[in-house]
Every structure is written in C-alpha cells, then in structure tokens.
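Note sheet for the following structure.
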Amino acid sequence: MTDLFDPVTRHRIADDLQRLHDEFRGVFSEQTIDRYVAESTEALSGARVQLYVPIFVHRFARERLLALAQAEGRIAKEVPEVLFVCVHNSGRSQMAAALLTHYSAGRVHVRSAGSAPTDEILPTVVHALMEVGIDLKQEFPKPLTNEVVRAADAVITMGCGDACPIYPGKRYEDWEVVDPAGRSLEEVRTIRSDIDHRVRVLLEELLPGEVSVRPA
C-alpha cells in the first residue's frame, strides 16, 4: 500500500523495511516481514501528520514482529510485558503506558493499543503528561493486534469491553478510568493522578521489592 504516499515517503518506508529485514534475519522470512510492514502501512495511512508515517510504520511493524517472535518463542523475553488497551488509544492507555515506561526504567516492556484507534493523541493528554516531564510527541494511536496480546504477561483494559482476545495464563485487569476525551485540562490532570496511582501499584506487583516509585 505504499502507493498511498509520495515518492520520498515510499523511499523512507523501503529503507525502514530493509532495516527490519536485517534485524529479524533468521527469525522470520522476508515475506513475513514484508507482510507485516504492508499491513502496518495500511493501518497507519490515515495518520494526521504524514511526515511521521515512515517512523510510525517502522515502530509499529517492529513492535508487532517482536511481539510475534516472543509469543512463538523465537525470541526470549527479558522483562515482563504489559499491554494497555482502551478504545481510541488516544488517552487512557497512552497515559498508562507512558507512566509505566517512566517508572519501570527499562524493567518492564510496555505496549498500548486501541480497539478503534483515532488519528492522534488527545492534546490535553499530551499537555498533562508534559507537565510531569513525560513527552508523548513521538507516540501515536495504534490498532490492537493479536500478537501483542499473545506476547503480553499482563493485559490492562480501560473501557474497551470484550474487544481484547483472551488467552490462558495471562493476567487480565479492567481499570474503570474516566475517558479524558472532551474533558478539561483540570479534569485530565485528575485522570492522570488516578492512572498514576494504579500504574505504581501494578509495577510494585510485577516487580515486588525491586522498585520504589514516587508520583511523576
């Protein structure tokens, strides 16, 4: 689906495809990698800022391939894997993923996704996290895919109902968190504080005795 883009963007996507071939050589065939990049390109073609599409495609395809490799035992997991899921992946799941990534400092690998992702993260969410020193400008809403669920050790849902597939042996939780869409910045700060507390509790449960965190 690279014909959806201008020649410069197509060239950048082709360069990133070669990088993925190099990274996953011996793990997946080139045909599998090509298919994941094509699917990821189509899924993200509606991104509001087209300049960033090659970056988004590379990161999304890479995360999906890494998750697939972990789920199939082709690559060993080095740290616990956590997946946050909400409807649009533009608010709650982005905040939770960013806060857990911040607090865990590499001790947990975090992903987020949406059952019906939008084309951008809510500006109030970006602002609220910037206030505590967390930059979301390089993040983007991503669709929920099967392999990221399979790779996760813990799946945390927030208002997405039964959209997330269930696999045995995983930790599933549903957090009842207010949707920040349409809320004022002050209200989003309150939501941020709620998620912050939940994330710190989760981290202490995932890594008991290993980390001590304070609010961002």
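Remember, it's a predicted structure, so these values are computed and weren't measured experimentally.
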Salt bridge (charged side-chain N to carboxylate O under 4.0 Å, His left out) partners of residues 82-99, not counting sequence neighbours, each pair once = R92-D179

message = Could you work out, with side chain to side chain contact (heavy atoms under 4.5 Å, CB included) as the rule, every residue matching A69, not counting sequence neighbours?
response = V27, F28, R74, I75

task = Kindly write out the residues that satisfy salt bridge (charged side-chain N to carboxylate O under 4.0 Å, His left out) with D135, not counting sequence neighbours, or none if the list is empty.
result = none

remark   = Minimal heavy-atom distance between L44 and P141, with the atoms involved, is CD2-O, 3.9 Å

key: Pair D194 + R198, salt bridge at N-O below 4.0 Å   = yes

task = Can you sort out the partners of H21 under side chain to side chain contact (heavy atoms under 4.5 Å, CB included), two or more places apart, ordered by chain and number?
result = L17, Q18, E30, I33, D34

ask   = Going from CD on E78 to CD on Q70, what distance comes out if it is rounded to the nearest 0.5 angstrom?
value = 9.0 Å

inquiry  = Show the nearest heavy-atom pair for residues L122 and G91, with the distance to one decimal.
reply    = CD1-CA, 4.3 Å

request  = Compare every heavy atom of I13 with every heavy atom of V37, then report the nearest pair and how far apart it is.
outcome  = CG1-CG2, 4.3 Å

request  = Only counting residues at least two apart or in another chain, list the ones meeting side-chain hydrogen bond (donor to acceptor under 3.5 Å, both in side chains) with R59.
outcome  = E139

query = What distance do H102 atom NE2 and L129 atom CG have between them, rounded to the nearest 0.5 Å?
reply = 10.0 Å

Verdict with reasoning, L99 to R200, per side chain to side chain contact (heavy atoms under 4.5 Å, CB included) = CA-CA 9 Å; L99 286 164; R200 286 183 284 119; over 6 Å; no

task = Find the distance between CD (Q138) and CD1 (I121) and round it off to the nearest 0.5 Å.
result = 10.0 Å

inquiry  = If hydrophobic residues (ILVMFWY) are linked whenever their side-chain heavy atoms come closer than 4.5 Å, directly or via other members, who joins V201 in its cluster?
reply    = none

key: Considering all heavy atoms, the nearest K77-D153 contact   = NZ-OD1, 3.0 Å

message = I'd like to know if E39 pairs up with R35 as an ion pair, taking the criterion as any Lys NZ or Arg NE/NH1/NH2 lying under 4.0 Å from an Asp or Glu carboxylate oxygen.
response = yes

task = Side-chain contact test, heavy atoms from C-beta onward, threshold under 4.5 Å: evaluate it for L66 versus H109 and give yes or no.
result = yes

query = Quick one: does T157's side chain have a donor or acceptor within less than 3.5 Å of a partner on E173's backbone?
reply = yes

task = Please state whether the rings of F60 and F140 are parallel, tilted or perpendicular, taking 30° and 60° as the class boundaries.
result = perpendicular

inquiry  = Checking S29 now: which residues fulfil side chain to side chain contact (heavy atoms under 4.5 Å, CB included) with it, not counting sequence neighbours?
reply    = Q31, T32

query = Can you name the closest pair of heavy atoms from A113 and S93 and give their distance?
reply = O-OG, 3.8 Å

inquiry  = Salt bridge check, D16 against R19: does any charged N sit closer than 4.0 Å to a carboxylate O?
reply    = yes

request  = For residues A96 and M158, report the shortest heavy-atom separation together with the two atoms involved.
outcome  = CB-CE, 4.0 Å

ask   = How long is the gap from CG on L185 to OG1 on T190, to the nearest 0.5 Å?
value = 9.5 Å

message = Are more than 12 heavy atoms, taken from residues, nucleotides or ligands other than E176, located less than 6.0 Å from that residue's CD atom?
response = no

Under-4.0 Å salt bridge between R192 and D196 = no

request  = Hey, could you give me the CD/OG1 distance between E186 and T124, rounded to the nearest 0.5 Å?
outcome  = 12.0 Å

message = Do K142 and E63 make a side-chain contact, defined as non-hydrogen atoms from C-beta onward lying under 4.5 Å apart?
response = no

query = Side chains of L207 and P80: closer than 4.5 Å at any heavy-atom pair?
reply = yes

message = Once side chain to side chain contact (heavy atoms under 4.5 Å, CB included) is applied, do any residues pair with E147, and if so which ones, sequence neighbours excluded?
response = Y36, R64, A67, L68, T145

inquiry  = Which residues end up grouped with V148 if you chain together Ile, Leu, Val, Met, Phe, Trp and Tyr wherever their side-chain heavy atoms are less than 4.5 Å apart?
reply    = L83, V85, L144, V149, V155, I166, Y167, Y172

request  = Kindly write out the residues that satisfy salt bridge (charged side-chain N to carboxylate O under 4.0 Å, His left out) with R25, not counting sequence neighbours, or none if the list is empty.
outcome  = D22

query = Do any pairs count as a ring pair (Phe, Tyr, Trp, His ring centres under 6.0 Å) and have a residue in residues 179-210, sequence neighbours left out, and if so which ones?
reply = none

key: With sequence neighbours excluded, residues passing side-chain hydrogen bond (donor to acceptor under 3.5 Å, both in side chains) with S112   = N89

inquiry  = Between F84 and L202, is the side chain to side chain contact (heavy atoms under 4.5 Å, CB included) condition met? List the steps.
reply    = CA-CA 12 Å; F84 292 101; L202 174 64; 4.0 Å; yes

